[in-house]
Amino acid sequence: MQKQTDVLIIGGGFSGVATAQKLAKKGVNVTLVDRKDYFEVTFAVLRNVTAPKAQGNRSRKLYRNFVAGDFIQGSIKSMNDKQAILANGHVISFNQAVIASGSRYPSLPLAKSHSQFDYVGRNQEMLNEHARLAAVKSVLVIGGGAVGVELAGEIASAFPDKSITLAHSGSTLLDNMQPKVQVKAFEQLNAKGVKVKFNRRFMLEAKSEEHKAGNQYRCSKSNEVIQADLVYSCVGMVPNTEFLQTELAEVLDDKGLIKVDPFMKVKGYDNLYALGDCSDLDDHKHGYLAAVQGGMLASVILKTMKGKKVKPYKTPPVAIITPTGTDSGVAQMPFGVFTAKFMINLKQKDLGISNIYKMLGSKADKLA
């Protein structure tokens, strides 16, 4: 199959869908490609696992039910500045391309699935993970970034009787946040009974005769040993940019991130753009920010098409809300740090699902 499109968008995450929606609604011929058939509010899936009835499957929505423009389900095998080749051999030629292929946690498929690319399969994957979590007595969460902190809090809220340990390699939680946020998050998790261990790197040890009951983990820094029935490793985020290695390897930095200029253009190319988790556009990787970037990039592309002057990208002021369970959390606003419930509820109430779909020109599905 040969297909021609004005703008090819690779990746249907926050930034890719936001770009596609704005361009398509302005009459631009847009084609969105993603290996999944559904959009997912990724930071909402943690409660999907701990309390599946709370929000049901509202975090997910089929692309075909709300995305403007064309949608193709498939994986990009390789691309250059004129065309992309899919894994099935189909070719899409384009005038401009937006690379929004996102990222993944190789060790944490519950955050972003490695194998369930259809809506029904992903919903079942969440239920299976909930059953696995519900059956254990002790949980080790590795990584004190946003995912690790939120996951530990959600587990503690849903299963207050479980033994939960959060181990972080650094000396503070939420490394790229303000000190007050870091302290508040620690205090809130501690109040829920989560045992937070700093400066730890736990690795699985082979089971021995003495440790038949459960998995044994040893810290390479302190030599401390702990037992855990279930471990969630929330570290090692990897950008999904392997498909660029064949023909566009020079655009990647040593972390695999796509190098972009101040106008979100891929360095060295006038018709390629990149944003979100797969690019080096912002140090802070966050779904809400990626959606904002998508809208901004769409404006850049629309102005460029009309020959108008565009302004360089500047990180917008954004609110970052980190729930630490269903009844606590901390918000880092441009004007201060807050723990007031009405602030935290901007995300915590439905984990931002309604707000994200509203940003994308749609509505979240009703809770069944």
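Computed over heavy atoms, backbone and side chain alike; hydrogens, waters and symmetry mates excluded. We number each residue from 1, following the sequence as shown. Owing to the predicted nature of the structure, the values given are computational and were not obtained by experimental measurement.
The backbone N or O of Ser157 sits nowhere less than 3.5 Å from a side-chain atom of Thr326 that would complete a donor-acceptor pair. Put simply, the side chain of Asp280 never gets that close to the backbone of Asp283: no donor and acceptor are under 3.5 Å apart. In terms of modelled atom types and a separation under 3.5 Å, the side chain of Arg218 and the main chain of Asn223 share a donor-acceptor contact. Side-chain atoms of Gln348 come within 3.5 Å of backbone atoms of Gly325 as a donor-acceptor pair (strictly under, hydrogens ignored). The closest donor-acceptor contact from the side chain of Asp6 to the backbone of Val28 lies at 3.5 Å or more, if one exists at all. A distance-only check finds a donor-acceptor pair linking the side chain of Gln73 to the backbone of Phe117 [under 3.5 Å]. Formation of a donor-acceptor pair under 3.5 Å by the Lys61 side chain with backbone atoms of Lys363 is found in this model. Not one N or O on the side chain of Thr31 forms a donor-acceptor pair closer than 3.5 Å with the backbone of Leu8. Within the 3.5 Å criterion, the main-chain N or O of Pro239 finds no donor-acceptor partner in the side chain of Lys255.
For Ser163 and Lys195, the side-chain atoms include at least one donor-acceptor pair closer than 3.5 Å. Side-chain atoms of Tyr119 and Asn57 form no donor-acceptor pair, as typed in the model, at a separation below 3.5 Å. In this model, a donor atom of one side chain and an acceptor atom of the other lie less than 3.5 Å apart for Asp229 and Ser138.
Listed by chain and residue number, nothing satisfies the ring-ring contact (aromatic ring centres under 6.0 Å, His included) test with Phe342 (two or more places apart in sequence, or in another chain). Phe198 is linked by a ring-ring contact (aromatic ring centres under 6.0 Å, His included) to Phe186, counting only residues two or more places apart in sequence or in another chain. Judged as a ring-ring contact (aromatic ring centres under 6.0 Å, His included), and not counting sequence neighbours, Tyr288 has no contacts.
A heavy-atom distance below 4.5 Å is found between the side chains of Cys278 and Ile99. Taking 4.5 Å as the limit, some side-chain heavy atom of Val7 sits within range of a side-chain heavy atom of Met305. Between Gln4 and Gln2, every side-chain heavy-atom pair lies at or beyond the 4.5 Å cut-off. Put simply, the side chain of Ile92 reaches to within 4.5 Å of the side chain of Ile72, judged on heavy atoms. For the pair Phe159 and Ile164, the minimum side-chain heavy-atom distance is 4.5 Å or more. Tyr232 has its side chain out of reach of Val147: every pair of non-hydrogen atoms, C-beta onward, lies at least 4.5 Å apart. Glu154 has its side chain within reach of Leu351: a pair of non-hydrogen atoms, C-beta onward, lies under 4.5 Å apart. A 4.5 Å side-chain heavy-atom check between Val98 and Leu297 finds at least one atom pair inside the cut-off.
In the hydrophobic cluster analysis, where Ile, Leu, Val, Met, Phe, Trp and Tyr join through side-chain heavy atoms closer than 4.5 angstrom, Met296 is grouped together with Phe263. Two different hydrophobic clusters hold Leu108 and Met203 under the rule that ILVMFWY side chains link at heavy-atom gaps under 4.5 Å. Both Leu173 and Val337 belong to a common hydrophobic cluster when Ile, Leu, Val, Met, Phe, Trp and Tyr are linked at side-chain heavy-atom distances under 4.5 angstrom. Taking hydrophobic clusters as Ile, Leu, Val, Met, Phe, Trp and Tyr residues chained together by side-chain heavy-atom distances below 4.5 Å, Val330 shares a cluster with Leu189. There is no path of hydrophobic side-chain contacts, each under 4.5 Å, that joins Leu151 to Ile226.
Using the six-membered ring where Trp is involved, Phe71 and Tyr63 have ring planes that are tilted, between 30° and 60° apart.
Note: Ser107 OG to His114 NE2 = 7.5 Å, rounded to the nearest 0.5 Å. The structure places SG of Cys234 at 11.5 Å from NE2 of His168, a figure rounded to the nearest 0.5 Å.
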Stepwise ring pair (Phe, Tyr, Trp, His ring centres under 6.0 Å) test for Phe14 and Phe43: CA-CA 11 Å; Phe14 298 100; Phe43 46 73; 5.5 Å; yes
Side chain to side chain contact (heavy atoms under 4.5 Å, CB included) between Thr165 and Tyr217, intermediate numbers included: CA-CA 12 Å; Thr165 302; Tyr217 287 78; over 6 Å; no
Step-by-step side chain to side chain contact (heavy atoms under 4.5 Å, CB included) determination, Leu257 to Leu252: CA-CA 5 Å; Leu257 296 170; Leu252 302 175; over 6 Å; no
Working for side chain to side chain contact (heavy atoms under 4.5 Å, CB included), residues Asn65 and Asp365: CA-CA 11 Å; Asn65 288 348; Asp365 293 334; over 6 Å; no
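Annotation: salt bridge (charged side-chain N to carboxylate O under 4.0 Å, His left out) contacts involving residues 311-328, sequence neighbours excluded, comprise Lys192-Asp327.
Among all heavy-atom pairs drawn from Ala18 and Gly294, the shortest one is CB-CA, 3.9 Å. Of all heavy-atom pairs spanning Leu174 and Ala185, the tightest one is CD1-CB, 3.7 Å. The two residues Pro52 and Leu127 have their closest heavy-atom pair at CB-CD2, 4.0 Å. Here the shortest heavy-atom pairing between Ala111 and Arg122 reads O-NH2, 3.5 Å. Across every non-hydrogen atom of Ser113 and Arg35, the tightest pair is O-NH2, 3.7 Å. The heavy-atom pair separating His130 from Val49 by the smallest distance is ND1-O, 2.7 Å.
Checked for salt-bridge contact, Lys112 and Asp277 meet the test: a charged N lies under 4.0 Å from a carboxylate O.
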Which donor-acceptor pairs under 3.5 Å do side chains of residues 241-249 form with protein atoms, sequence neighbours excluded?
residue, atom, partner, partner atom, Å
Thr241, OG1, Gly256, O, 2.6
Glu242, OE2, Arg104, NH1, 3.3
Glu242, OE2, Arg104, NH2, 2.8
Glu247, OE1, Asn80, ND2, 3.3

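Relative to the six-membered ring of Tyr38, Lys36 meets both conditions, a distance below 6.0 Å and an angle of at most 45° to the axis. Figure legend: cation-pi geometry between Lys197 and Phe202 absent, as NZ or CZ is not positioned both under 6.0 Å from the six-membered ring centre and within 45° of its axis.
By the 4.5 Å side-chain criterion applied to Ile, Leu, Val, Met, Phe, Trp and Tyr, Val91 is assigned to a cluster that also includes Ile85.
Evaluated for a salt bridge (Lys or Arg N to Asp or Glu O under 4.0 Å) with Asp350, the options Arg47, Arg58, Lys366 yield exactly one hit, Arg58.
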